[in-house]
Amino acid sequence: MYLRHVGWVGDVEGHGGDAIDCAQVARLLVADGATDDLVPLRGKLHRCAFAKARSGARYQNGFWCFAGCVHDGRTLPDRSVASRVMSAPTELAKTYVPADAEPDVTSRWLAANAFHVEPAEVVDGQVADDGRAAYSIVIPPPNVTAALHLGHALNNTLQDVLTRYHRMKGDRTLWMPGTDHAGIATQTVVEKRLLSDGIKRLDMGRDAFISKTQEWKDEYEAVILDQLQTMGASCDWDRTRFTMDDMCATAVRHAFFELFKDGLIYRGKRLVNWDPVTRTALSDDEVEMEEVEGHMWYLTYPLADGSGSVTVATTRPETMLGDTAVAVNPEDPLAAAVRGKEIVLPIVGRTIPIVEDDYVVMADPDGDAKAQYASGFLKVTPAHDPNDWDIGLRHDLDVINIMGPDGSISDQHGWEDISDEARAFVGLSREDARTAVVDWFEANGLLAEVRDYTHSVGHSYRSHVPIEPWLSDQWYVAVTDDKLRGSALRAQDPTQTPDLPDGVSPRADSTGDGGLRFHPDRYARTYYAWHDNIRDWCISRQLWWGHQIPVWTQLVSVADASPEVSAALEGAELDVASQVTSSWTSAGAAHLARLVTPTEIEEAVCVPPQSTLSRLDRADAALDEPGLVAALEAAGYVRDPDVLDTWFSSGLWPLSTMGWPWAEDFDGAAGLLETFNPTSLLTTAREIITLWVSRMVMFNRYFRGGDLPFQDVFIHAMIQDGHGQKMSKSLGNGVDPRDIIHSHGADAMRFSLVQMTTDTQDLRMPVDMICPHTGETFTPTFVKTPAGHDVAAAIQDSPGGDGRQMVSPFGAASGEVAPNDEMPLARNTSTKFDIGRNFANKVWNASRFALGSLEDDHSGRPPVDLTSARFIDRWIVARLAETIASLEQAVDGYHFNTYADTLYHFVWDDFCDNYLEAIKPTIRDDADQQVVLGAVLDAVLRLMHPVCPFVTEALWPNVSAARSGSIAGLELPPSDLLALAAWPVLDPSLVDAGAVASFERANELASQIRRLRGERLVKPKQRITIHVDAAVGELIAATDGFVETLAGVGTVADASAGDLPTVSSAIAFEGSQVVVSDLTEAVDIDAEKDRLDKVIADLEKQIANFEGRLANEGYVNNAKPHLVQETRDQLVAAQADLTASIAARTAID
RNA sequence: GGACCGUUAGCUCAGCUGGCUAGAGCGCUCGCCUCACACGCGAGAGGUCACAAGUUCAAGUCUUGUACGGUCCA
């Protein structure tokens, strides 16, 4: 006994009760002798539910249908179909059920370790040529903060399509998987979770917190890797990396050491984007600009000589405590009166200069928004505003920091001239200080005006509070150096960005120059523009989770400095570091010193990893890394507590995952770099072109002699929800790919995503929900968030109308509501994926049909010579050839949607609708045709595999087993696994252009006949008779039954042979009349007249159009000759059809 | 403020260097339980290609401007 049909019973599994799986139910039924009974199909079903459903089910269309049946208090959805137990052991289920096939396919791949690849043989640092090209992709490592969403699914599907395609093409193909520790993001999530249990990070201590975070990481890394496998990613799982594992950590340590040693890493007091909540410096890219409705305050500052006052305009009055100048534009008429004067700063009592700087916007009530709000005088606070910092540098102003790391007013961080009046403000939060300062000015009659003012303010992308420009010590990478920025720009393909900015050395023939291409190419300009304005990269983060900076520092007074340090700093400027040669350097470390004040020196010693240390040629080789660290600490050096910016380690990803710099230290890593770096492609979203792509290019080129990290960059579209909003974690409108896989299957998701991937920027995905109570799909209720976004309400009512409720994925993601038994979590779905599901089912059924026709063994026979094959066989092979060529072109150009569309129409239209239909009358008795069918089906599965790996792999054993024989000129070597099978290769001589042309004509005739049948509502089984002239008769004969089969023609009669039937209709085809009879007993004369009149009118319109075009001298003289000729031919054809139609019409009257 | 993308059928989208009567899937209408597939088969309806001007023999496609929606960077 065997389960023939597998339908489904909706999503009733996993919601409590004693579920049993369908196979078990089937066995029970079979044991009962209930062979003609139903079995539940998909996944699991409640025992009681099953029994009740059975009683209410209807038998319909050969199936038992549970649609609308109420059981266990639930109404089964429309598609709830169960099936009969059949006694046909080899047949496949009637419907493709992804949930049944996917786990099995995945385990076959994993068992075979199908995606593992060994690097090429490397001799003397060179890859030995064995005729195989290398193809490699490193995965953009997902953050271990949360599960993957649809954007990841899209990105990874595209990578998998390319990976599988190249693997089938015979390339040595590596897709390197891994995850990113995502410093700030992960630490924030973990801190939040701990805080909800009342635990504070600072109370736990660093080690305990890190191990807690490690647990979180392990959990989410497992989820992510499982998601990737569930969606079919063919990564080399043996090589799975993590940005903080030993291999990557070694790379990070080594890279840092090299840059430090080369003077490209430095430390200095700089204004950073400070997040006072997470107490962390953010890079510019981590700051989000938000429009804020605030005020512009106008403060009056008295002149020191008592001759009057000036009024400054500010949005941040609290920072006035740190003002060290007032600036005015030298062009401003107001400037003359105050030139050379000084101000006494209110509250503080500090005397500060008035400086002239053309940065200052002059007041102009009719000017732009800024000028309208300007007063002409600008308070200058170098320690608390980046623009003021620049003004300060130009005018050599004092820098007075008045805030602590928490953003409160403080006199402990560089504010020394504090007055008694000002002391009252110390300790206030920046918000309270703002109010207090404004109040003070008002109370003292110095507040000139307050106006409402909307402006954009930088906010932390983590804590969402306004960032504070704040003065602190940070580590920087000098990316503005030509060796980094210049190299990133020179990497660009000159056809995409021909000119380089000033200060960048020109491209040379050096390795990697000009080799980086963006797709679509507009993104080359995004990359370029960013580097044009790049600033040095702040890489220190005040976090615990990450790579701790491998530098030990110590402050010493100038008087106590060691002789080596003093010597190194001889004549050095303040804040400029010098290399020191010391006992540390002879042990292999790098040693820098700089004057931080005229009397204080900061020494910094960078320790390389042990693996680097052991390879250095150094004087004191006895000290290993732990020994060196111990010695440093004994000498009073303290390790910098900060960690590196996450992008520092991800910037090394294409190197670190391949074992750089010491691959031989790690099992299986030797040779990876030589074989696979530069990688072939990076696919990513456009928002990280700057954050990530740029850094990988700079690092890879710097450390690998100019080699690029990858040759091509493909930027994919961003998925938006049904309201045109970006799907994002913070909005909570993301969709878990597992939800889509659950409702549609992995292939359906993949195919649909690939089919949506055009080179546009955005794609919209309206999302529905599945009710966990009833299994129904419904459109959720949306609400507006305070920020104005449309999101699904956290709690949704069951569409059943029975008062039951559920939690929407948004509700769960936003933390608004936690799902429970009463209110379970709903899954998302989207009808956008129907196309993929239907397609997977189509190929499944086409295979079922074909397999049923491939019962004979032809393996002993010589290869089929296609030139003597039937017309339809020659045609399908010609179409196969065209399809293979189109697919290859599409993949090579990253035209993913073209790949999907080409595949879809070849499989559905050509293979199923035309070929399979056409061969039905002959396939049983035609051995050659069986060979062709088997070969084409085999090829179809291969071509589909990169996009739909599961359904094709699931079918593969059956198809491999059933097909036999071969076609001369079509190479389809056997393989146990489809994933490892070869891409089809077809001899171009097999393309019969004549067959393709004849097919077009015959198909047009068949379509016209079907159209007539459709209009007449002719029964499908009704065989009709057509009466044709000699030319059409020849076409019908040449196409070997195609027209008869596809148009339901029983008899083809010679129109010239005798009397035409009186009851008939006529079609104009290629200028002749095709008379159709035996449609029905009686032809409706009036309907026939109307139909022909419509055809005639339509042809007349066309003819007028063609004649008009040909009467236009401009067209005839200027258009390309072949186009003019084409129009002439069309005119002639239309005229002939018109004549034929008129003749038919006349005959009726 | 700068840059980029989008606006084509009810919905989601194709339409390459300007040239067939502007296409697809879903949805809709009609007919079909045709022995692979109702997640199917056959047929059909449905579009002033956002708006305005320009270039051209010819514009959905090129240019300029406007409007609306979106993204990124300041």
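Chain naming here is simple, since letters A, B, ... match the order of the sequence lines and numbering starts at 1 in each. Just so you know, these numbers come straight off a predicted model, no measurement behind them.
- Here the C1' atom of nucleotide B/C41 and the CG atom of A/Leu916 are 13 Å apart, to the nearest Å.
- Helical stems of RNA chain B (runs of at least 3 Watson-Crick or G-U pairs, donor-acceptor distances under 3.5 Å) are listed by first residue: B:1-7 with B:67-73, B:10-13 with B:23-26, B:28-32 with B:40-44, B:50-54 with B:62-66.
- Taking the C1' atoms as reference points, B/U8 lies 14 Å from B/G46, given to the whole Å.
- Ring-centre distance between A/Tyr899 and A/His895: not below the 6.0 Å cut-off.
- Under 3.5 Å, the side chain of A/Gln755 and the base of B/A24 form no donor-acceptor pair of N or O atoms.
- Nucleic acid contact for A/Asn1112: sugar-phosphate only, since backbone atoms but no base atoms lie under 4.0 Å from a heavy atom of the residue.
- Without hydrogens or angle criteria, A/Asp901 side chain to A/Gln755 main chain gives no donor-acceptor distance under 3.5 Å.
- If you find the closest nucleotide of RNA chain B to A/Leu1017 and to A/Gly1014, the one lying nearer the 5' end belongs to A/Leu1017.
- Checked against the 6.0 Å centroid criterion, the rings of A/Phe782 and A/His723 qualify as a close aromatic pair.
- Positionally, the nearest nucleotide of RNA chain B for A/Asn897 lies more toward the 5' end than for the other of A/Ser1007 and A/Asn897.
- In this model, no donor atom of one side chain and acceptor atom of the other lie less than 3.5 Å apart for A/Thr757 and A/Asn897.
- Here B/U21 presents its C1' atom at 7 Å from NZ of A/Lys1101, a figure rounded to the nearest Å.
- Distance NE2 (A/His716) to P (B/C4): 22 Å, rounded to an integer number of Å.
- Residue A/Phe1106 is classed as a sugar-phosphate contact, given heavy-atom separations below 4.0 Å to backbone atoms only.
- For B/U21, the OP1/OP2 oxygens have a side-chain nitrogen or oxygen of A/Arg1109 closer than 4.0 Å.
- B/C57 and B/G18 have their C1' atoms separated by 12 Å, with the value rounded to a whole Å.
- A/Leu1012 comes within 4.0 angstrom of no nucleic acid atom, judged by non-hydrogen atoms across all strands.
- The side chain of A/Tyr1115 has B/G19 as its nearest neighbour among B/U21, B/G19, B/A36.
- Nearest to the side chain of A/Arg848, among B/C37, B/A43, B/C4, sits B/C37.
- Counting any heavy atom pair closer than 4.0 Å across all strands shown, A/Leu1123 reaches a base atom.
- As a whole-Å value, the separation of A/Arg525 CZ from B/C73 C1' is 15 Å.
- Taking only side-chain atoms of A/His905, from C-beta outward, the nucleotide of B/G6, B/A24, B/C57 with the closest atom is B/A24.
- Within 4.0 Å (heavy atoms only), A/Tyr904 reaches sugar-phosphate atoms of the nucleic acid but no base atom.
- Within 4.0 Å of A/Asp913, counting heavy atoms only, lie sugar-phosphate atoms of the nucleic acid but no base atom.
- Checked by atom type, the side-chain pair A/Tyr359/A/Asn387 shows a donor-acceptor distance below 3.5 Å.
- Minimum atom distance to the side chain of A/Cys912 is reached by B/A36, of the listed B/A36, B/C57, B/G25.
- A distance of about 27 Å separates the C1' atoms of B/U7 and B/A74, rounded to the whole Å.
- In this structure, A/Gln1022 places its CD atom where more than 12 heavy-atom neighbours from other residues, nucleotides or ligands lie under 6.0 Å away.
- Neither side chain, A/Arg1109 nor A/Asn1112, offers a donor N or O lying under 3.5 Å from an acceptor on the other.
- For A/Thr758, whose side chain is taken as the heavy atoms from C-beta onward, the closest listed nucleotide among B/U21, B/G31, B/A14 is B/A14.
- Remark: A/Lys920 qualifies as a cation-pi partner of A/Phe849 under the 6.0 Å distance and 45° angle criteria applied to the six-membered ring.
- The separation between A/Asp901 atom CG and B/C16 atom P is 14 Å, rounded to whole Å.
- The residues A/Asp1098 and A/Lys1101 are annotated as not salt-bridged, no charged nitrogen and carboxylate oxygen being separated by less than 4.0 angstrom.
- Distances shorter than 4.0 Å separate none of the side-chain N or O atoms of A/Trp530 from OP1 or OP2 on B/C4.
- Note on A/Arg1010: a side-chain N or O is less than 4.0 Å away from OP1 or OP2 of B/A43.
- B/C41 sits 32 Å from B/C49 when the C1' atoms are compared, rounded to a whole Å.
- Here A/Leu1099 contributes atom CG and A/Phe1106 contributes atom CZ; the two are 9.5 Å apart, rounded to the nearest 0.5 Å.
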| task | Treat primed atoms plus P, OP1 and OP2 as sugar-phosphate and everything else as base, then score nucleotides 66-71 of chain B 5' to 3': B for base contact with protein heavy atoms under 4.0 Å, S for sugar-phosphate contact only, - for none. | result | ----BS
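- Using a 4.0 Å cut-off between a side-chain N of Lys or Arg and a carboxylate O of Asp or Glu, A/Arg686 and A/Asp762 qualify as a salt bridge.
- Rounded to whole Å, the distance from CZ on A/Arg522 to C1' on B/C5 is 6 Å.
- Checked by atom type, the side-chain pair A/Asp910/A/His905 shows no donor-acceptor distance below 3.5 Å.
- Note on A/Asn838: a side-chain N or O is less than 4.0 Å away from OP1 or OP2 of B/G40.
- Distance A/His531 NE2 to B/C73 C1': 14 Å, rounded to the nearest Å.
- The C1' atoms of B/G23 and B/G60 are separated by 12 Å, rounded to the nearest whole Å.
- With rounding to whole Å, A/Gln1022 atom CD is found 18 Å from B/G31 atom P.
- B/A24 and B/A9 have their P atoms separated by 14 Å, with the value rounded to a whole Å.
- The nucleotide whose nearest atom lies closest to any side-chain atom of A/Asn841 is, among B/C37, B/C32, B/A14, B/C37.
- A/Lys842 comes within 4.0 angstrom of a base, heavy atoms only.
- Here the separation of B/A45 from B/G25, taken at their P atoms, is 15 Å to the nearest Å.
- Judged purely by atom type and a 3.5 angstrom limit, A/Arg750 has no side-chain atom pairing as donor or acceptor with the backbone of A/Cys948.
- Across B/G27 and B/U71, the matching P atoms stand 30 Å from one another, rounded to whole Å.
- Here the nucleotide nearest the side chain of A/Thr760, chosen from B/G6, B/U21, B/G19, is B/G6.
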